[in-house]
Each structure stands twice: as C-alpha cells, then as structure tokens.
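Notes for the one structure printed next.
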Amino acid sequence: FGSDSRSKRYALQGSRWKVKNLTYRISKYPKRLKRSDVDAELARAFAVWSGYTDLTFTPKSTNPVHIEIRFEENEHGDGDPFDGPGGTLAHAYFPVYGGDAHFDDAELWTIGSPRGTNLFQVAAHEFGHSLGLSHSDVRSALMAPFYRGFDPVFKLDSDDIYAIQALYGKKTTRGASYPTSPSTRKPSFVPRAEDNELCKDPRIDTIFNTAEGFTYAFKGDKYYRLTENAVAEGYPKLISEGWPGLEGDIDAAFTYKNGKTYFFKGTKYWRYYGRQMDGDYPKEISDGFVGIPDHIDAAMVWGGNGKIYFYKGTKFWRFDPLKRPPVKQTYPKPISNWEGLPNNLDAALQYTNGYTYFFKGDKYYRFNDRTFSVDEVNPPFPRPTAYWWFGC
Amino acid sequence: IPAPAPVQKTAQAEIYLSQFGYLPASAKNPSSGGLLDQETWERAIRDFQSFAGLNVTGELDSETTELMSLPRCGVRDKIG
C-alpha cells in the first residue's frame, strides 16, 4: 500500500499454489448442518474462485489434500482459539502455511437464510486466504475482513477478481465454474445455428441447477448443459439417458438445499440425487407437495428466503417443507406481486450467481430480489434468451 | 448471535489491534506490562480506522469500538 491517500484495494500475502488443480477435504463437519448441504455449499464457495481462473477444486475423502477444512470450537490445536458465538467466525492459512481453513462451530452456520451466519459467503472468503489473498480495504469486497450479513444476490467484487487473477491469471478454460451473471455473458463461440435447436426455437420447458453447480435446460425429450457463454458442446442429449427413468416434456424442476433435484410433469413428480432416481417415483404431486396444483408452469428455490415457489397461470404458491402446512392458506397469490413479471411462465431459476431469472417464450427476465421487481437496466428486460443464454 | 457489545475497554481494543496486526503481538497480553507509547497507540488506531473506512481520528471513538465488535474473519489485516 502507498501513503494514507492510497487508493483502496486488495492485498496479496505473498505466497500462492504452484499448481492449479487443488484438492480439499472436509475432515470435521459442523454440528448443525447436513453433510450433503455442507458439501454443496463449500463446492459453491470454491467455484467463486474457479469462475475467474483456471483453478479447479476436487473434493476428496482421504488425505493428502491441499486444503483441509474443519469446523472446530475454542482451542483446536493451532494456537489460535475461537471465541464462541460472534467475534471471530473463521480463519484460514495462506498457501505457504498449508492453506487449511477452520470455521468456528459455535456459530449458527446457515444456508440461503438471513438468520445466523451464511456458510457460503464466509467459506468463499476463507478460501481466498487459502489461495493467497489477504484482506482488502475495499468494503464491498468479499475479502474485506468484516462479515456483512447474508447477501442473496452475491457477486464477486472487481477488487477480488483483480486479486485472484494477479495470482493465478485469467480464466482460459470453459466448463463448470462460478459463472458471471448472464447479463454479462457473451458467447465466446457461436454454435452453427442449425446445430442448436434452441437457436431456432428458444422456448424451454424448464431450467435448473444441479447440486454440483451445473445448469441444464430441458426441451421436449432433450436436455442441454449451459456454460457461462452458451450451450456446452456435445448437446442436446436425451433426458432418458441423463436421468434414467425420467420422462420428457417436463413442466418444472429445481434442486433443493438437500442437494436433491425434483422434476414435475402433469400430476406427477420425481426426485433424483445426482443422476439416480432417489426412491420409487413418479409419485403424485398431491402426495409430496400438499397444497401445490398439478400441471405447473415453473418452480424454483428463491435465494431471498430459501423457500420453494411454484407458478401456474396467473398465480404462485410458496412451499416451505419445514412448516405445517407447507403452503399457507393465504396462497395462491397473483404473479403480479412479482412486479414486471408476465403470467403463464415457462421456467424460473435462481442462477448460481445469486440472481433470479424467469423465462417465457423467447425472452427472459432478471429479477431484483432487493427491489422485488424485474431489474431496470440497459439493455432492458425482457431480453432474448437465445443470445444471452444459448450463445446464438 | 447475541447483539455485539461494543468493545468497552482500551485493554480489549489493545487485544483486538494486536490480534489483527495493528500492534506488536506482545501487546496481545496487556498483563505482560508491554507498555505502549501514545504515538504507537494512536497510529495503530489510525491504521485500523483507515483500513476499515472510518473517520481517521486516532481516538478510540464509539464508531471504532462498534466496528471492532462486529463478527469477522480471524486472519490478521496486517501481515508481516
């Protein structure tokens, strides 16, 4: 840093990994969260950094690994004891000191909720240290030292991006990463339109993320994996091959924080864990989702509160699996409550960049969770889905 | 998380400033009698206020003690 009049910016500790394909292991889990939820959230936290570099992070269940992750309380063997709820939330070691990350398990770690302390945000910060970043004095930066509360629309600050790319260079590879918001997506290659059915007719049946952070669009009996610029090469593929036992012409789909993906069609629904059917499906929607109608248009898990929203015609329902009944008497409500959204939607998605997107016909809308209305930006929404999502 | 109680005493502030790299580590244990001259103390506070984007007064004012009590990362802000 320069004099007091220095510009604010990131700081590098001085060490970094000499390799880019890093491994990690969660050797001690938190008391109050499900392991599968923690696995998914920490994978997302690592993906924050692999989205802007060629770093890759592979989870392992045995040592040796580059980065070991532990949830501990009080003194835990490194001479830097935790201090109970509040105060210090976590700490991590720079690469030269091993890169491990420790989280204070006296904290109430939460996922997708304004309560407690958001695991994803704190983990993404600590992994910045594990990669060689020090604290930034840019208050909006992820690498600022203070926890700033749950941010449903998380985006990496440019200061963080400059910092990590100063250490590991810009991203040159494609594939699963922490994508930027589609509003900044630019197709880095344009598939020949005749190869990509979605360019001719961009209307989709549904779109959803998997627990691993991949994004898929369904249309008829086929599915497409989406990268941050376009449709991934080698698609479409058959839904029945991707998710054995699943039918085509799906109405809606979402992945819940338990890491399981739910598919809806007509009066039925299926549950999958990864690509495997997770039990005896299909079942009746009225069985597993009491209060939700059949033949829905769209569904998603909203980042604002972690609850599940279903859309049909001019109405929407909110489903909270943790409540009885899961759908309050006050539902359905008019979709017009979601200011700027049309009725009769095709699909809805909370994208891995934290934004919420709605699709109808050949257009899509980006929803601003803070103003609770369609984002007012230039170029305005709705925007052509084919260009911004499918690389046409 | 219980509402953070602002850091009241200079001793706690001393521990905080040495824990996060603004004061020499010896200050972390004030009972060790590591005396601090005023200039070192004030510079440490100014450094923290500047890093945290506060008004740089060099005094342990309420805004500063309030920020010191917020949940944060345990890694030092100033590394050797």
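We name chains A, B, ... by the order of the sequence lines, and we start the count at 1 in each one. Predicted, not measured: the structure shown is a model, and the values here were computed from it. Only heavy atoms go into these numbers, but all of them, side chains included; no hydrogens, no water, no symmetry mates.
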- [ ] Report the C-alpha distance between A:F94 and B:I79 in whole Å, list the side-chain angles of each, state the deciding distance to 0.1 Å, and finish with yes or no for side-chain contact (heavy atoms from CB on, under 4.5 Å).
- [x] CA-CA 11 Å; A:F94 298 114; B:I79 46 176; 4.0 Å; yes
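- Evaluation of the ring-ring contact (aromatic ring centres under 6.0 Å, His included) rule for A:F150 yields no partner, not counting sequence neighbours.
- For the atom pair A:D80 CG and B:R76 CZ, the distance stands at 9.5 Å (nearest 0.5 Å).
- B:Y22 pairs by the ring-ring contact (aromatic ring centres under 6.0 Å, His included) definition with B:F48, not counting sequence neighbours.
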- prompt: When you look at A:R148 and B:L70, which way does the side-chain contact (heavy atoms from CB on, under 4.5 Å) test go after all the steps?
  reply: CA-CA 9 Å; A:R148 56 183 184 229; B:L70 291 185; over 6 Å; no
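- When heavy atoms are compared at a cutoff of 4.5 Å, A:F82 does not approach chain B at all.
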Query raised in the report: Can you check side-chain contact (heavy atoms from CB on, under 4.5 Å) on B:L67 and A:F146, steps first, answer last?
Result: CA-CA 9 Å; B:L67 194 67; A:F146 303 101; 3.7 Å; yes
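- Shown here for B:D77 and A:P145, the closest heavy-atom pair between the two residues is OD1-CB, 3.5 Å.
- Residue A:Y29 qualifies as enclosed at atom OH: its count of foreign heavy atoms under 6.0 Å is above 12.
- Within 6.0 Å of atom CZ in A:F372, more than 12 heavy atoms from other residues, nucleotides or ligands are found, so the atom counts as buried in its surroundings.
- Within the model, atoms CZ of A:R139 and CG of B:L54 stand 6.0 Å from one another, a figure rounded to the nearest 0.5 Å.
- Side chains of B:C73 and A:H129 form a contact here, defined as non-hydrogen atoms less than 4.5 Å apart.
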| Trace of the side-chain contact (heavy atoms from CB on, under 4.5 Å) decision for A:H135 with B:R72 | CA-CA 11 Å; A:H135 281 150; B:R72 58 160 290 159; 3.4 Å; yes
